[in-house]
Amino acid sequence: MAERGGLARHRAERAGESSSRRSEIIDAAEALFLERGIAATTVIDIARHVGVTRTTFYRYFEGRDELAFEVAGRMITKLATKARGAVPAGAGPVEAARAALGSLITHFEHNSDAHRYLTLLDSYRPFRSIGEEHQRRYTSRSREAFNLDVTFADDALDDEAAERLVALTGVVMGVLGRFAIKREILGRGPVALQKRLEYLEELVHNYFDTIVTPLAGPPARSSR
(Lines give C-alpha, C1' and ligand atoms only; values in the text may rest on other atoms or scores of the structure.)
Protein backbone atom coordinates (compact mmCIF):
# COMPACT_ATOMS: atom_id res chain seq x y z
CA MET A 1 0.00 0.00 0.00
CA ALA A 2 2.83 2.38 0.90
CA GLU A 3 4.46 1.68 -2.46
CA ARG A 4 1.24 2.43 -4.32
CA GLY A 5 0.77 5.62 -2.31
CA GLY A 6 4.29 6.74 -3.16
CA LEU A 7 3.72 6.07 -6.85
CA ALA A 8 0.48 8.06 -6.79
CA ARG A 9 2.25 11.01 -5.14
CA HIS A 10 5.06 10.80 -7.69
CA ARG A 11 2.59 10.88 -10.58
CA ALA A 12 0.77 13.81 -9.02
CA GLU A 13 4.04 15.70 -8.61
CA ARG A 14 5.00 15.00 -12.22
CA ALA A 15 1.58 16.16 -13.40
CA GLY A 16 1.95 19.34 -11.34
CA GLU A 17 5.40 20.00 -12.79
CA SER A 18 4.09 19.41 -16.30
CA SER A 19 1.21 21.84 -15.79
CA SER A 20 3.55 24.43 -14.32
CA ARG A 21 6.01 24.13 -17.20
CA ARG A 22 3.18 24.42 -19.73
CA SER A 23 1.96 27.61 -18.05
CA GLU A 24 5.51 29.01 -18.07
CA ILE A 25 5.73 28.44 -21.82
CA ILE A 26 2.37 30.14 -22.41
CA ASP A 27 3.45 33.08 -20.20
CA ALA A 28 6.68 33.48 -22.16
CA ALA A 29 4.88 33.27 -25.50
CA GLU A 30 2.32 35.86 -24.44
CA ALA A 31 5.05 38.32 -23.42
CA LEU A 32 7.09 37.80 -26.59
CA PHE A 33 4.10 37.85 -28.93
CA LEU A 34 2.98 41.19 -27.49
CA GLU A 35 6.49 42.62 -27.57
CA ARG A 36 7.66 41.41 -31.00
CA GLY A 37 4.57 40.16 -32.78
CA ILE A 38 3.65 36.54 -33.46
CA ALA A 39 5.43 36.14 -36.80
CA ALA A 40 8.67 37.63 -35.43
CA THR A 41 8.80 35.25 -32.47
CA THR A 42 10.33 31.80 -32.96
CA VAL A 43 10.09 28.58 -30.99
CA ILE A 44 13.75 29.07 -30.06
CA ASP A 45 12.97 32.53 -28.67
CA ILE A 46 10.21 31.12 -26.48
CA ALA A 47 12.29 28.16 -25.30
CA ARG A 48 15.20 30.42 -24.38
CA HIS A 49 12.90 32.79 -22.53
CA VAL A 50 11.66 29.91 -20.39
CA GLY A 51 15.10 28.29 -20.10
CA VAL A 52 14.25 24.99 -21.79
CA THR A 53 15.33 23.21 -24.96
CA ARG A 54 13.30 22.97 -28.15
CA THR A 55 12.83 19.29 -27.38
CA THR A 56 11.16 20.19 -24.10
CA PHE A 57 9.02 22.80 -25.86
CA TYR A 58 7.71 20.22 -28.33
CA ARG A 59 6.64 17.95 -25.50
CA TYR A 60 3.94 20.50 -24.73
CA PHE A 61 3.10 22.16 -28.05
CA GLU A 62 3.21 21.26 -31.73
CA GLY A 63 4.70 24.64 -32.58
CA ARG A 64 4.29 28.40 -32.48
CA ASP A 65 0.89 28.42 -34.16
CA GLU A 66 -0.72 26.10 -31.64
CA LEU A 67 0.77 28.20 -28.85
CA ALA A 68 -0.58 31.37 -30.46
CA PHE A 69 -4.09 29.97 -30.12
CA GLU A 70 -3.46 28.90 -26.54
CA VAL A 71 -2.52 32.48 -25.69
CA ALA A 72 -5.63 33.69 -27.53
CA GLY A 73 -7.77 31.32 -25.48
CA ARG A 74 -6.34 32.79 -22.30
CA MET A 75 -7.04 36.33 -23.53
CA ILE A 76 -10.60 35.47 -24.52
CA THR A 77 -11.28 33.90 -21.14
CA LYS A 78 -9.92 37.00 -19.40
CA LEU A 79 -12.18 39.31 -21.37
CA ALA A 80 -15.22 37.08 -21.06
CA THR A 81 -14.83 36.65 -17.32
CA LYS A 82 -14.75 40.42 -16.83
CA ALA A 83 -17.75 40.91 -19.14
CA ARG A 84 -19.86 38.19 -17.51
CA GLY A 85 -19.06 39.58 -14.08
CA ALA A 86 -20.84 42.81 -15.03
CA VAL A 87 -24.13 41.07 -15.83
CA PRO A 88 -26.77 41.52 -13.10
CA ALA A 89 -28.26 38.37 -11.63
CA GLY A 90 -31.44 37.34 -13.41
CA ALA A 91 -30.81 39.60 -16.41
CA GLY A 92 -32.44 38.60 -19.68
CA PRO A 93 -30.40 38.14 -22.87
CA VAL A 94 -30.64 41.77 -24.02
CA GLU A 95 -29.84 43.22 -20.60
CA ALA A 96 -26.98 40.74 -20.23
CA ALA A 97 -25.49 41.67 -23.60
CA ARG A 98 -25.80 45.40 -22.89
CA ALA A 99 -24.03 45.04 -19.53
CA ALA A 100 -21.32 42.75 -20.92
CA LEU A 101 -20.47 44.96 -23.89
CA GLY A 102 -20.55 48.07 -21.69
CA SER A 103 -18.08 46.38 -19.35
CA LEU A 104 -15.69 45.58 -22.20
CA ILE A 105 -15.62 49.26 -23.14
CA THR A 106 -15.38 50.53 -19.56
CA HIS A 107 -12.48 48.22 -18.72
CA PHE A 108 -10.64 48.75 -22.00
CA GLU A 109 -7.49 50.14 -20.37
CA HIS A 110 -7.18 47.15 -18.05
CA ASN A 111 -7.66 44.69 -20.92
CA SER A 112 -5.92 46.54 -23.76
CA ASP A 113 -3.20 43.88 -24.12
CA ALA A 114 -5.85 41.22 -24.67
CA HIS A 115 -7.62 43.32 -27.31
CA ARG A 116 -4.31 44.08 -29.02
CA TYR A 117 -3.25 40.46 -29.06
CA LEU A 118 -6.51 39.17 -30.54
CA THR A 119 -6.24 41.78 -33.28
CA LEU A 120 -2.65 40.73 -33.98
CA LEU A 121 -3.80 37.13 -34.26
CA ASP A 122 -6.50 38.03 -36.77
CA SER A 123 -3.87 39.60 -39.03
CA TYR A 124 -1.36 36.77 -38.53
CA ARG A 125 -0.96 35.14 -41.96
CA PRO A 126 -1.09 31.45 -40.83
CA PHE A 127 -4.39 32.24 -39.09
CA ARG A 128 -5.95 32.47 -42.55
CA SER A 129 -4.90 28.93 -43.44
CA ILE A 130 -5.05 27.02 -40.16
CA GLY A 131 -6.49 23.56 -40.14
CA GLU A 132 -10.18 23.03 -39.60
CA GLU A 133 -9.56 21.45 -36.20
CA HIS A 134 -7.68 24.50 -34.86
CA GLN A 135 -10.28 26.83 -36.34
CA ARG A 136 -13.11 24.82 -34.78
CA ARG A 137 -11.42 24.79 -31.37
CA TYR A 138 -10.71 28.54 -31.52
CA THR A 139 -14.25 29.46 -32.54
CA SER A 140 -15.76 27.06 -30.02
CA ARG A 141 -13.64 28.47 -27.22
CA SER A 142 -14.61 32.03 -28.12
CA ARG A 143 -18.34 31.25 -28.10
CA GLU A 144 -18.06 29.22 -24.91
CA ALA A 145 -16.08 31.92 -23.09
CA PHE A 146 -18.59 34.64 -23.91
CA ASN A 147 -21.46 32.17 -23.45
CA LEU A 148 -22.89 33.32 -26.79
CA ASP A 149 -24.89 30.18 -27.48
CA VAL A 150 -26.70 30.42 -24.15
CA THR A 151 -27.00 34.20 -23.87
CA PHE A 152 -28.29 34.75 -27.40
CA ALA A 153 -30.40 31.63 -27.81
CA ASP A 154 -33.03 32.54 -25.25
CA ASP A 155 -36.65 31.67 -26.06
CA ALA A 156 -37.61 35.34 -25.66
CA LEU A 157 -35.19 36.41 -28.41
CA ASP A 158 -36.01 35.92 -32.08
CA ASP A 159 -33.36 34.93 -34.63
CA GLU A 160 -32.89 38.42 -36.01
CA ALA A 161 -32.30 39.98 -32.60
CA ALA A 162 -29.91 37.18 -31.68
CA GLU A 163 -27.89 37.61 -34.88
CA ARG A 164 -27.72 41.35 -34.33
CA LEU A 165 -26.34 40.82 -30.83
CA VAL A 166 -23.68 38.41 -32.07
CA ALA A 167 -22.74 40.85 -34.84
CA LEU A 168 -22.62 43.76 -32.40
CA THR A 169 -20.29 41.80 -30.11
CA GLY A 170 -17.93 41.25 -33.04
CA VAL A 171 -18.03 44.92 -34.02
CA VAL A 172 -17.27 46.13 -30.48
CA MET A 173 -14.39 43.66 -30.13
CA GLY A 174 -13.02 44.78 -33.51
CA VAL A 175 -13.16 48.48 -32.65
CA LEU A 176 -11.53 47.93 -29.25
CA GLY A 177 -8.83 45.90 -30.95
CA ARG A 178 -8.07 48.73 -33.34
CA PHE A 179 -8.02 51.19 -30.44
CA ALA A 180 -5.49 48.98 -28.67
CA ILE A 181 -3.24 48.70 -31.74
CA LYS A 182 -3.33 52.45 -32.43
CA ARG A 183 -3.60 53.78 -28.90
CA GLU A 184 -0.35 55.82 -29.08
CA ILE A 185 -1.45 57.46 -32.32
CA LEU A 186 -4.96 58.07 -31.00
CA GLY A 187 -3.49 59.58 -27.85
CA ARG A 188 -1.87 62.30 -29.94
CA GLY A 189 -4.95 62.95 -32.08
CA PRO A 190 -7.58 65.68 -31.75
CA VAL A 191 -10.03 63.28 -30.11
CA ALA A 192 -8.62 61.57 -27.03
CA LEU A 193 -8.89 57.83 -26.65
CA GLN A 194 -11.13 58.16 -23.62
CA LYS A 195 -13.52 60.33 -25.61
CA ARG A 196 -13.60 57.72 -28.40
CA LEU A 197 -14.47 55.07 -25.83
CA GLU A 198 -17.30 57.25 -24.57
CA TYR A 199 -18.59 57.69 -28.13
CA LEU A 200 -18.44 53.92 -28.68
CA GLU A 201 -20.36 53.24 -25.47
CA GLU A 202 -22.97 55.80 -26.47
CA LEU A 203 -23.36 54.19 -29.90
CA VAL A 204 -23.77 50.75 -28.35
CA HIS A 205 -26.47 51.92 -25.94
CA ASN A 206 -28.28 53.75 -28.74
CA TYR A 207 -28.17 50.58 -30.82
CA PHE A 208 -29.78 48.63 -28.01
CA ASP A 209 -32.45 51.27 -27.44
CA THR A 210 -33.44 51.75 -31.08
CA ILE A 211 -32.91 48.34 -32.68
CA VAL A 212 -32.23 45.37 -30.41
CA THR A 213 -34.71 46.03 -27.59
CA PRO A 214 -37.69 46.67 -29.92
CA LEU A 215 -36.91 43.43 -31.77
CA ALA A 216 -36.67 41.47 -28.54
CA GLY A 217 -39.91 42.90 -27.22
CA PRO A 218 -40.67 44.13 -23.69
CA PRO A 219 -38.95 42.34 -20.80
CA ALA A 220 -40.92 39.48 -19.34
CA ARG A 221 -42.87 40.30 -16.20
CA SER A 222 -42.35 38.11 -13.18
CA SER A 223 -45.44 36.09 -12.23
CA ARG A 224 -46.77 36.27 -8.71
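The first residue of the sequence shown is numbered 1, and numbering continues consecutively from there. In this text, all values refer to a predicted model and were calculated from it rather than measured experimentally. Just the heavy atoms: all of them, side chains too, but no hydrogens, waters or symmetry mates, feed the values below.
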Which heavy atom of [X] sits nearest to which heavy atom of [Y], and what is that distance?
{"X": "A28", "Y": "H49", "answer": "CB-CD2, 3.4 Å"}
{"X": "I25", "Y": "V50", "answer": "CA-CG2, 3.9 Å"}
{"X": "A86", "Y": "A99", "answer": "O-CB, 3.6 Å"}
{"X": "M173", "Y": "H115", "answer": "SD-CE1, 4.0 Å"}

Is there side-chain contact between [X] and [Y], with heavy atoms separated by less than 4.5 Å?
{"X": "L67", "Y": "V43", "result": "no"}
{"X": "K82", "Y": "L104", "result": "no"}
{"X": "F208", "Y": "L101", "result": "yes"}
{"X": "L118", "Y": "L79", "result": "yes"}
{"X": "V71", "Y": "I38", "result": "no"}
{"X": "Q194", "Y": "E198", "result": "yes"}

Name the one of H205, E202, E201 that satisfies side-chain contact (heavy atoms from CB on, under 4.5 Å) with I105?
E201

Tell me which one of I44, I46, T42 satisfies side-chain contact (heavy atoms from CB on, under 4.5 Å) with R54.
I44

[Y] backbone acceptor or donor facing [X] side chain under 3.5 Å:
{"X": "Y60", "Y": "S19", "value": "no"}
{"X": "T81", "Y": "T77", "value": "yes"}
{"X": "T56", "Y": "V52", "value": "no"}
{"X": "R64", "Y": "T41", "value": "yes"}
{"X": "E30", "Y": "I26", "value": "no"}

Between F108 and F179, what is the ring plane arrangement, given parallel below 30°, perpendicular above 60°, and tilted in between?
perpendicular

Between E95 and R98, is there a side-chain N and carboxylate O pair less than 4.0 Å apart?
no

Following the transitive rule for hydrophobic clusters with a side-chain heavy-atom cut-off under 4.5 Å over Ile, Leu, Val, Met, Phe, Trp and Tyr, establish whether [X] and [Y] coincide in one cluster.
{"X": "L168", "Y": "V87", "result": "no"}
{"X": "V171", "Y": "L121", "result": "yes"}
{"X": "L197", "Y": "V172", "result": "yes"}

Considering only residues two or more places apart or on different chains, which pairs with a residue in residues 35-49 satisfy salt bridge (Lys or Arg N to Asp or Glu O under 4.0 Å)?
R36-D45

Please list all pairs meeting salt bridge (Lys or Arg N to Asp or Glu O under 4.0 Å) that have one or both residues in residues 100-112, counting only residues at least two apart or in different chains.
E109-R183

Distance from [X] atom [atom1] to [Y] atom [atom2], nearest 0.5 Å?
{"X": "K78", "Y": "Y117", "atom1": "NZ", "atom2": "OH", "value": "13.5 Å"}
{"X": "I76", "Y": "F69", "atom1": "CD1", "atom2": "CZ", "value": "10.0 Å"}
{"X": "N111", "Y": "L176", "atom1": "CG", "atom2": "CG", "value": "9.5 Å"}
{"X": "R59", "Y": "R21", "atom1": "CZ", "atom2": "CZ", "value": "9.5 Å"}

Show your reasoning for whether salt bridge (charged side-chain N to carboxylate O under 4.0 Å, His left out) applies to D27 and R74.
CA-CA 10 Å; D27 289 342; R74 174 188 284 187; 2.6 Å; yes

Going by side chain to side chain contact (heavy atoms under 4.5 Å, CB included), name the residues that satisfy it together with L120, two or more places apart in sequence or in a different chain.
R116, I181

Take M75 and L34 through the test side-chain contact (heavy atoms from CB on, under 4.5 Å) and record every step on the way to the result.
CA-CA 12 Å; M75 297 293 194; L34 285 169; 4.1 Å; yes

